[in-house]
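Every value quoted in this text rests on a predicted model; they were computed, and no experiment measured them. Chain identifiers are assigned alphabetically (A, B, ...) following the order of the sequence lines, protein sequences preceding nucleic acid strands; residue numbering begins at 1 within each chain.
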2 protein chains.
Amino acid sequence: MIIEQKLVAALRGHKMKITPQRRFIFQALERGMYRHPTAEDIFRDVRQTLPDISLTTVYNTLRELVGMGLLRQVDLGEGMTRFDPNTDLHHHLLCMRCGRLEDIYIRFPCIALPADQTQGFTVTNHQVIFEGICPDCQIQPA
Amino acid sequence: MIIEQKLVAALRGHKMKITPQRRFIFQALERGMYRHPTAEDIFRDVRQTLPDISLTTVYNTLRELVGMGLLRQVDLGEGMTRFDPNTDLHHHLLCMRCGRLEDIYIRFPCIALPADQTQGFTVTNHQVIFEGICPDCQIQPA
DNA sequence: TATCCAGGTTGTAATGATTACAAATTAGAG
DNA sequence: CTCTAATTTGTAATCATTACAACCTGGATA
Ligand SMILES: [Mn+2]
Ligand SMILES: [Mn+2]
Ligand SMILES: [Zn+2]
Ligand SMILES: [Zn+2]
């Protein structure tokens, strides 16, 4: 229940209604923390308790949460967007074979663009994606 | 013509045919170097000299080039895949507003995962994406 | 607490990038 | 030059996501 306070506060702050759908979607995200689910993953999860929720609502809500800064969007080249309820600054480690995505909590102080290499851009942030093969997939045949 | 040697060699090595379509697609990629075009971009470009080329062939060829290592795939969250004929190790700087994508040629030596943080993964490589606003977009209203 | 409506939800249709497929064409070996 | 397997092409199918319009409801108000 305490976790939900974050959601309730954000919704109130944006004058948005607190609906069961939004609650359950947020809960599913928190429960699946660190798992970087897709919209479809969340849909399947929430359906177990709210069987009539629509996929559209899941997409809408995820978009809203991203807009409110409660959720981060992670786009790798997998054909579908993944979501990250962990909004702390962190990087990622991706299994190229099965798509498993883990959080990396190291700060790399050397990552910075010298002023003469920004090509005039205003740089706001950066992310590192490590690529490799996860332990499970290392066992597999191919 | 010298540039094409790379393509010809690769195609021969893989026992694949050297077709005008493949030539022109490769040329378009080289000409648009550093521009990170989409399949559609390449299609439009090649069409000017090969008006009857099909979009399917462009997609097929791009996939082949990636497979042969002559082309790199860059996936940001823009809804379409972009391609990078620059296969040197490098990072990227992305304009969050217009999608402009520039190459960054700095090596960051501090980026490395300590063995106790790989979670059992075999890490093969990593990429850094800097996000910001390009000079053109900084001028624009919103 | 009963009323009311702006905002929310839903099912379905539309979109847009990419892939599958089968018929027609062609590179290039012999 | 012939022949065939590889390639190209046009079109249909796929798949994630978004648009839309009818219906529903949270919560402000009295
Ligand atoms: Mn994460
Ligand atoms: Mn590049
Ligand atoms: Zn894996
Ligand atoms: Zn820009």
Query raised in the report: Quick one: E40(B) CD to dT19(C) P, roughly how many Å, whole number?
Result: 13 Å
Query raised in the report: Out of dT9(C), dT18(C), dT9(D), which nucleotide sits closest to the side chain of R22(A)?
Result: dT9(C)
Report task. Could you walk me through whether K6(B) and E4(B) pass salt bridge (charged side-chain N to carboxylate O under 4.0 Å, His left out), step by step? Result -> CA-CA 5 Å; K6(B) 223 189 330 176; E4(B) 280 192 33; over 6 Å; no
Query - Heavy-atom pair with the smallest gap, counting every atom of P37(B) and I42(B) - result: CG-CD1, 3.7 Å
Report task. Mind listing the closest non-hydrogen atom pair of D103(B) and Q119(A) along with its distance? Result -> O-NE2, 3.4 Å
Requested in this report: Grab the CD-P distance between Q21(B) and dG10(D) for me, whole Å please.
Outcome: 11 Å
Report task. Return the minimal non-hydrogen interatomic distance between I53(B) and F43(B), and the atom names on each side. Result -> O-CE1, 3.3 Å
Query raised in the report: In whole angstroms, how far is the C1' atom of dA17(C) from the CZ atom of F83(B)?
Result: 11 Å
Query raised in the report: Which whole-number value in Å describes the distance from I42(A) CD1 to dA16(D) P?
Result: 16 Å
Report summary line: So, with a heavy-atom separation below 4.0 Å from DNA chain C, the residues of residues 45-74 of chain B are T56(B), Y59(B), R63(B)
Requested in this report: Could you tell me the separation between the CG atom of D41(B) and the P atom of dT18(C), rounded to a whole number of Å?
Outcome: 11 Å
Query raised in the report: How about T38(B) and D41(B): does a side-chain donor come under 3.5 Å of a side-chain acceptor?
Result: yes
**Report entry** Under 2.5 Å between SG of C110(B) and C110(A)
**Finding:** yes
Query - Rounded distance (Å) that lies between atom C1' of dT10(C) and atom CZ of F43(A) - result: 11 Å
**Report entry** Closest contact, heavy atoms only, L76(B) versus R82(B)
**Finding:** CD1-NH1, 4.3 Å
Query raised in the report: In terms of ring plane angle, is the pair H36(A) and H90(A) parallel, tilted or perpendicular, where the classes change at 30° and 60°?
Result: tilted
Query - Verdict with reasoning, T61(B) to Q21(B), per side chain to side chain donor-acceptor pair (under 3.5 Å) - result: CA-CA 8 Å; T61(B) 302; Q21(B) 289 86 346; over 6 Å; no
Just the table, please: protein N/O against nucleotides 25-29 of chain C N/O, every pair under 3.5 Å.
unit_1  : atom_1 : unit_2 : atom_2 : d
dA27(C) : N3     : K17(B) : NZ     : 3.0
dG28(C) : OP1    : I18(B) : N      : 2.7

Query raised in the report: Taking NZ from K15(A) and P from dG8(C), how many angstroms apart are they, rounded to a whole number?
Result: 13 Å
Query raised in the report: Is T38(A) touching bases, backbone alone, or none of the nucleic acid, heavy atoms closer than 4.0 Å?
Result: nothing
Requested in this report: Could you state the atom-to-atom distance from CZ of F24(A) to P of dT9(C) in whole Å?
Outcome: 13 Å
